[in-house]
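See below for the structure under consideration.
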There are 2 protein chains.
Amino acid sequence: MVKIGTGIGIGALGKATGVNIETIRYYERIGLLPKPDRTLAGYRQYGGEHLRRLSFIRKGRDLGFSIEAIRALLRLAEHPEQPCEDADRMTAAHLAEVERKIEELGRLRDALRGMAHCRAGTVAECRIIDALAS
Amino acid sequence: MVKIGTGIGIGALGKATGVNIETIRYYERIGLLPKPDRTLAGYRQYGGEHLRRLSFIRKGRDLGFSIEAIRALLRLAEHPEQPCEDADRMTAAHLAEVERKIEELGRLRDALRGMAHCRAGTVAECRIIDALAS
DNA sequence: GATGAGGTCTGTAGCGGCTACAGGGTCAAG
DNA sequence: CTTGACCCTGTAGCCGCTACAGACCTCATC
């Protein structure tokens, strides 16, 4: 291992953040995670800043924010003196979207519950098939 | 218009079923909807069977079934003498998946509600950014 | 018969957010 | 010196569409 400065490899970064290695490389490719230094052999070497940034991304993804939303939130986080209206607006919009999806899925669930557990016997009298075919 | 037999065009089929024209062609391409006859000019001509089948597909999609699930359900619907266990099992599995998603989104909603409506003022004290960065 | 508006055709590429290879290089331990 | 774990690049695939470009066809109107 040829070390240039101190840092961790992509595997360690992945373990530390819970992000798949391939995903980390993907984030680099789309410019979400800055390109790290490389060892002489060409291995990526990450530092604390990368770790923090990738954790941020991971948490944002876990909360369901889109990549573009996270990009915007990262830009905001880099400018602590700015007002946080934008972050608030984005979160509210995302929350509304999540609530909308919950309602939609709730309606779906009710529809599915209403037709499931068909004990008719054959497809000819099956309530499920019938619900779709009618 | 060169008519061969009687049938409706792709636009009329789309309107009748609420399915986008491009999507109809897509369904044909992936073998979900059988290839229709063509007029001499090469226009697709759909009949009642296509209409029924596409409605079935549409309803299945509205219920959130995957394309592959719908393919299986269509095969079932074509064999009315068979037992409908499979349809029941698929619906139950899908219902469970929908319920799982609802719970997951509920957790997401709670997390977002807990951090939203940040009135801190600047990003430096923003609860939203903080939640992601910490 | 010319024109224009709308419908339709094929083929291909793009979306989001990864994920999965193939085919190679690198490194440390035994 | 070999083994096995790690890492590299580049590309293609997943799902379910959607959006073109560039052509062709049909019909109503003048």
Side-chain angles (χ1 to χ4, degrees), chain A residues 1-4 7-33 35-46 50 54 56-74 94 97-98 101 104 108, chain B residues 1-4 7-33 35-46 50 54 56-74 94 97-98 101 104 108:
Chain A
M1 175 88 86
V2 183
K3 287 208 175 149
I4 299 180
I8 60 173
I10 194 168
L13 182 66
K15 269 196 188 118
T17 55
V19 177
N20 193 321
I21 290 181
E22 319 256 30
T23 306
I24 296 173
R25 286 197 281 249
Y26 168 71
Y27 287 161
E28 178 181 330
R29 212 161 54 237
I30 64 171
L32 195 59
L33 195 62
K35 286 181 197 280
D37 289 337
R38 302 280 186 136
T39 64
L40 288 183
Y43 285 22
R44 290 169 178 83
Q45 282 289 291
Y46 295 98
H50 285 104
L54 186 55
F56 189 107
I57 295 167
R58 172 75 209 262
K59 281 178 196 133
R61 292 295 299 139
D62 283 351
L63 285 167
F65 283 104
S66 72
I67 296 285
E68 286 318 301
I70 290 170
R71 219 187 275 275
L73 288 170
L74 277 167
H94 180 44
E97 181 63 18
V98 168
K101 263 186 203 151
E104 191 183 321
L108 223 62
Chain B
M1 174 91 83
V2 183
K3 287 210 175 149
I4 298 180
I8 60 174
I10 195 168
L13 182 66
K15 268 194 189 117
T17 54
V19 177
N20 193 322
I21 290 182
E22 319 256 31
T23 306
I24 296 174
R25 286 197 281 248
Y26 169 70
Y27 288 160
E28 179 182 328
R29 211 161 55 239
I30 64 170
L32 194 59
L33 195 63
K35 287 179 197 280
D37 287 339
R38 301 280 186 138
T39 65
L40 287 183
Y43 284 22
R44 289 169 178 82
Q45 284 289 293
Y46 296 99
H50 286 103
L54 186 53
F56 189 105
I57 295 168
R58 172 75 211 264
K59 282 179 195 129
R61 293 294 300 141
D62 282 352
L63 285 167
F65 283 105
S66 72
I67 296 285
E68 285 319 300
I70 289 170
R71 219 187 277 274
L73 288 170
L74 277 167
H94 181 44
E97 182 63 19
V98 168
K101 265 186 202 150
E104 190 182 323
L108 223 62

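Letters A, B, ... mirror the listed sequences (proteins, then strands); counts begin at 1.
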For Y27(A) and I67(A), run side chain to side chain contact (heavy atoms under 4.5 Å, CB included): C-alpha distance rounded to whole Å, both residues' side-chain angles, the deciding distance at 0.1 Å, then the answer. CA-CA 9 Å; Y27(A) 287 161; I67(A) 296 285; 3.7 Å; yes
Sorted by chain and number, sequence neighbours left out, salt bridge (charged side-chain N to carboxylate O under 4.0 Å, His left out) with R44(A) holds for E28(A)
Whole angstrom value for the distance that separates P of dT8(C) from CD1 of I8(B): 10 Å
Does a nitrogen or oxygen in the side chain of R38(A) sit under 4.0 Å from OP1 or OP2 of dT9(D)? yes
Each nucleotide in nucleotides 12-24 of chain D should get exactly one letter: B, S or -. Can you fill that in based on protein heavy atoms under 4.0 Å? ----BBBBB----
Please give, in whole Å, the distance from dC6(D) C1' to L40(A) CG? 17 Å
Does R44(A) place a side-chain N or O at less than 4.0 Å from the phosphate oxygens OP1/OP2 of dT9(D)? yes
Could you go step by step and tell me if I30(A) and R71(A) meet the side chain to side chain contact (heavy atoms under 4.5 Å, CB included) rule? CA-CA 10 Å; I30(A) 64 171; R71(A) 219 187 275 275; 4.2 Å; yes
Verify side chain to side chain contact (heavy atoms under 4.5 Å, CB included) between F56(A) and L73(A), making sure each step is shown before the conclusion. CA-CA 9 Å; F56(A) 189 107; L73(A) 288 170; 4.0 Å; yes
Look at atom NZ of K59(B) and say whether more than 12 heavy atoms of other residues, nucleotides or ligands are closer to it than 6.0 Å. yes
Value in whole Å for how far the P atom of dC7(D) lies from NZ of K15(A): 8 Å
Give I30(A) one of three labels, base, sugar-phosphate or nothing, depending on what nucleic acid heavy atoms sit under 4.0 Å from its own. nothing
Mind checking ring pair (Phe, Tyr, Trp, His ring centres under 6.0 Å) for F65(B) and listing every partner two or more places apart, or none if nothing turns up? H94(B)
Atom pair distance, as rounded to whole Å: CD1 in I10(A) and C1' in dC27(C): 17 Å
